[in-house]
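Notes for the one structure printed next.
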Amino acid sequence: MTTIRQLIQTSPARANELFAKLVDTSENAVKTRERLFSDLKEELELLASLEEQHLFPVLRKHKDLKDLVRVALNDNKATRKLLTELDHTPKESEEFATRVAELRRVFQQHVRDDKKELLPAVLKALSDEEAEAVVERIEAEKAEIEETKRAEAEERRAEARREREKAEAEQARIEAAERAEAEERRAVARREREEAKRVQQAAETVVNTAWAAPRTAQQAATAAQEVVRRGVSTGAEVAQRITDQVAEVSGTARQRTQQLTERATQNLQAVTQSSAVLARGIQEASGECLEMVQERMQKNLDGVNALVRCRSLPEFLAAQSSLLRDNLELTLANSRRIAELSARVAENAARAATAEANRAA
């Protein structure tokens, strides 16, 4: 068990160690000075408090020790004053180092006085039971303070651990959110690429349809010209057969030959007249077919320009629908026009042939 002698002699050890470390710091080591000074202040206040609470009240019971107690209290008061001044002194200043040196001097003088004057008086005045009771109370107070410190340190570590875990959880949440956001951006980019691909395919379909429609109209016009051409060719073949008939019967009877020849001539004139009508019909048909082709091409060019100007999918779909609708309407209208044109050419040719035949009769 610790004795009163050991207690008084060993108590300043930790304070002296902190003083040595603090004096050895430079003006740039501000954080180190703050930490060491905080520990030193706590240690000096503890030593003074233990003396004042557990030792001095016992010493006051002995009249011959009251002066020693008064001197010790004054030393503690001077120590607290210097601690307060140091607490408000900038740690990077020269003044701080000067005041630390002064505080160290005061404390060491106090320690020397305790060993030289206070300790002999205590050993002389107090019984073993009184000294033992003082030591027990001081040791119990120290143990309680140490336990409190350990609990506070453990709580700080636990709090630091909770803060660290909280920070790690927050970091994990942020990283998860960033990954989810990155995945969402990739998904959006993928959908945009797919949408752009569909738009491009739709545009190609519309353009192909736009260019196919004029070809269809051109093919229809060519077919109409072929029908007319075949009508002319048929008329020429009829004329040739009539001429062949005239040649075949010329040897049988001159009069009959003359009559047949006249009729053949009339028929040939009718065919020639029909051919002229057909030729005019072909020219008109070609002109109208060219008009239809040009009109279709202009419509398609306007539609493609409208598609290019689109800035969103709804605009593109609306323009696409409009272009397809216009192409369908033009196809139906042109089909009607070609049918009407073919019928008109055939009707004019037939009417001309009939009129010529009637005149011949």
Indicate, with yes or no, if [Y] and [X] share a hydrophobic cluster defined by side-chain heavy-atom contacts under 4.5 Å among Ile, Leu, Val, Met, Phe, Trp and Tyr.
X: Leu46; Y: Val135; answer: yes
X: Ile138; Y: Leu73; answer: yes
X: Phe107; Y: Leu118; answer: no
X: Ile8; Y: Leu47; answer: no
X: Leu44; Y: Val23; answer: yes

Partner residues of Arg186 under the salt bridge (charged side-chain N to carboxylate O under 4.0 Å, His left out) criterion, sequence neighbours left out: Glu183

Listed partners of Lys21 passing salt bridge (charged side-chain N to carboxylate O under 4.0 Å, His left out), at least two apart: Glu17

side-chain hydrogen bond (donor to acceptor under 3.5 Å, both in side chains): pairs with one or both residues in residues 89-98, sequence neighbours excluded: Thr89-Arg99, Glu95-Arg99

Within residues 55-69 or reaching into it, pairs that qualify as side-chain hydrogen bond (donor to acceptor under 3.5 Å, both in side chains) - sequence neighbours excluded: none

Results of side chain to side chain donor-acceptor pair (under 3.5 Å) for Glu163 - residues two or more places apart only: none

Partner set under side chain to side chain donor-acceptor pair (under 3.5 Å) for Ser49, not counting sequence neighbours: Gln53

Distance-only polar pair, side chains of Glu175 and Gln171, donor-acceptor under 3.5 Å: yes

So does [X] pair up with [Y], basic N to acidic O under 4.0 Å?
X: Arg150; Y: Glu147; value: yes
X: Arg161; Y: Glu168; value: no
X: Glu141; Y: Arg137; value: no
X: Glu159; Y: Arg162; value: yes

Full working for side chain to side chain contact (heavy atoms under 4.5 Å, CB included) between Ile4 and Leu123: CA-CA 8 Å; Ile4 191 72; Leu123 293 174; 3.4 Å; yes

Test item: Asn305 side-chain N/O and Leu301 main-chain N/O as donor-acceptor pair under 3.5 Å: yes

Close side-chain approach of Arg105 to Glu102, heavy-atom, < 4.5 Å: yes

Side-chain touch Glu27/Arg33, heavy atoms, less than 4.5 angstrom: yes

Atom of Glu51, atom of Asp114 and distance for their closest heavy-atom approach: OE2-OD2, 3.4 Å

Closest contact, heavy atoms only, Glu130 versus Ala125: OE1-O, 4.1 Å

Atom CD of Glu144 with >12 non-hydrogen neighbours under 6.0 angstrom: no

